[in-house]
Amino acid sequence: MNTNPARGMRDFLPEDVRRRQYVIGVIADVYQRYGFEPLETPAVENIETLLGKYGEEGDRLIFKILKRGEGAEAGQADLALRYDLTVPLARVVAEHRARLPKFFKRYQVQPVWRADRPQKGRFREFYQCDVDAIGSRAMVVEAELLSAAGDVLSRLGFASYTLRLNHRGVLSGLLEAAGVPAGLHGDALVALDKLDKVGPEGVAAELRQRGVPDAGAGMLLEFFSSVAAAQHTAAADPAAFNRAVLDRLETLLAGTRSEAMGELRDIVRLLVPGGAGAHVRLDPSLARGLSYYTGAIFEIAVPDLAGSLGGGGRYDNLIGMFLGSEVPACGISLGLERILVVMGERGMFPDNLAKAPADVMVTQWSVDGVPDALRLAAELRSEGLRVEVYPEADKLGRQLKYASSRAIPFVTVVGDEEAATGMVTVKNLGTGEQQRVPRAGVGGVLRRG
RNA sequence: GUGAGUGUAGCUCAGUGGUAGAGCUCCGGAUUGUGGAUCCGGCUGUCGCGGGUUCGAUCCCCGUCACUCACCCCA
């Protein structure tokens, strides 16, 4: 019998869960400080809710659920596991609009499923940590979201991370200015997005292969390469770097796409100095695959990690696909698994996460003493201590060995002598010291230890 | 969907065309009211699965499955 979890799925043992809960706790705390409220939605959605929202590639990766009963044999699917948290949010907003505030700000930490081929930091079941703000077109939303995501990373101990920022409208304008036919915009973006991975020559080759005219491709590449080269000097004065990129974009676009340019300028202007704003970099080559983005787009990068730690953007049309009328929206998703992978590699978890599962272990002396041992455990628990009871009467040495192997700092021993005098022996497994104390004083000794 | 690598004890891994070993873990003992260190002893394998070549395959060949990594795409 093969006992592996299903492909791309994982079991989380206690240490894993403690780490996950720690990170999720930080994320929830930061998001709540920005006024976001929690939301949860079902793992399963009606399949038509999901199809057509993620682009062709995305649709292929949706885990579909076959019809039950009569429809089962036809092999048709009517349900699917959710692919992200954004589309379910859009459905929720459309469904419950009357009960939600005018500006609905929610965060959501739940697993999503993708029928991808697993890889490093990539799984078929993984948690996303989304924050989204619904109902406003103001760029305050973008600025606050970037700031919140940056706060999360800082609180977790990330020092050098980049919040890449771009705008779908500006990208389209650039492609137009370069003379790329509208039908090839998608292909061109896919190729340009790989600039940091395959370099200018690689991108040029791919552009040619995808049928983009050489003249336009050359112009785009030259621009992107010079911006990329300047990134290395951007750390000293990020604001100046971003303004310089904006000015160059302005020149290239020659007055077109003024609305998109205005939005980018607003975001950069609104970033609070000293906070996450110092990590925001305008990056005209950032594209992002999901088809529902309409305005600003973000991606979170850290050094030495292929792929991103998270991403997001503005999607003003998605909710309208469910509701009929348009509702503006913008959000960011953090990838919990990738954060955990990087934090694990860099030893970024606090020491106390590895802490023992209990403060004290109550040993067993004899079968006759079991009821009294359980009573002692109950007394200590009522004092707020975490108490593990060794489940069997066994050699004392074996019980101590077990407590020691579990890193439990204290054990109590009640043998015949203690029982006769109403005393309890408390042993500190760290120092080896032990003392015999009156039963009522055990809790005090343990807390002091 | 494409490509590469790896599948041997609970874990990490050696190894050989004549059906297997180490370290760690685990269990027992030295020490039946005292753990971590040390010493002694012990358990565990359809060598991923199916087929082929061979007198004989864990080893060579083919297929298959799983895992890992990379591409694609993405968090």
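Protein chains get the first letters and strands the later ones, always in sequence-line order, with residue 1 at the start of each. Reckoned from all heavy atoms, side chains included, excluding hydrogens, waters and symmetry mates.
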Subject >> Sequence-aligned protein contact record of nucleotides 26-36 of chain B, with B where the base is within under 4.0 Å of a protein heavy atom and S where only the sugar-phosphate is >> reply: --SS---BBBB

What interatomic distance, in whole Å, is found between [atom1] of [M] and the corresponding atom of [N]?
N: B:U25; M: B:U44; atom1: C1'; answer: 12 Å
N: B:G7; M: B:G48; atom1: C1'; answer: 6 Å
N: B:G15; M: B:C72; atom1: P; answer: 35 Å
N: B:U8; M: B:A20; atom1: C1'; answer: 8 Å
N: B:G23; M: B:C60; atom1: P; answer: 26 Å
N: B:A75; M: B:C43; atom1: C1'; answer: 45 Å
N: B:G56; M: B:G1; atom1: P; answer: 38 Å
N: B:G45; M: B:A9; atom1: C1'; answer: 5 Å

Original post:
So, is A:Gln119 close to the B:U68 phosphate, meaning a side-chain N or O under 4.0 Å from OP1 or OP2?
Top reply: no

Original post:
Dot-bracket, RNA chain B: Watson-Crick or G-U, under 3.5 angstrom, [ ] crossing, | other strand?
Top reply: (((((((..((((....[..)))).(((((.......))))).....(((((..]....))))))))))))....

For [X] and [N], what is the distance between atoms [atom1] and [atom2] respectively, to the nearest whole Å?
X: A:Arg122; N: B:C74; atom1: CZ; atom2: C1'; answer: 6 Å
X: A:Tyr293; N: B:C74; atom1: OH; atom2: C1'; answer: 11 Å
X: A:Glu125; N: B:C74; atom1: CD; atom2: C1'; answer: 17 Å
X: A:Met9; N: B:C67; atom1: CE; atom2: P; answer: 11 Å
X: A:Ile62; N: B:C74; atom1: CD1; atom2: C1'; answer: 14 Å
X: A:Ile27; N: B:A75; atom1: CD1; atom2: C1'; answer: 12 Å
X: A:Leu61; N: B:A75; atom1: CG; atom2: P; answer: 11 Å
X: A:Tyr83; N: B:C73; atom1: OH; atom2: P; answer: 12 Å

Original post:
Does A:Arg124 come within less than 4.0 Å of A:Asp116, counting only side-chain N to carboxylate O?
Top reply: no

**OP:** Just call it for A:Leu309: base, sugar-phosphate, or nothing, with non-hydrogen atoms closer than 4.0 Å on any strand.
**Re:** sugar-phosphate

Determine whether the side chains of [X] and [Y] contain a donor N or O and an acceptor N or O closer than 3.5 Å.
X: A:Asp59; Y: A:Tyr83; value: no
X: A:Gln119; Y: A:Arg117; value: no
X: A:Gln435; Y: A:Thr425; value: no
X: A:Asn317; Y: A:Thr294; value: no
X: A:Asp283; Y: A:Ser285; value: yes
X: A:Asn166; Y: A:Tyr293; value: no
X: A:Tyr107; Y: A:Gln32; value: yes

Subject >> A:Arg338 (side chain) and B:C74 (base): donor-acceptor pair under 3.5 Å >> reply: yes

Original post:
With a cut-off of under 6.0 Å to the ring centre and 45° to the axis, is A:Lys105 in cation-pi contact with A:Phe36?
Top reply: yes

**OP:** For A:Glu48, look at atom CD and say whether over 12 heavy atoms of other residues, nucleotides or ligands are found less than 6.0 Å away.
**Re:** yes

**OP:** Find which nucleotide of RNA chain B each of A:Arg7 and A:Arg60 is nearest to by heavy atoms, and output the residue with the more 5' nucleotide.
**Re:** A:Arg60

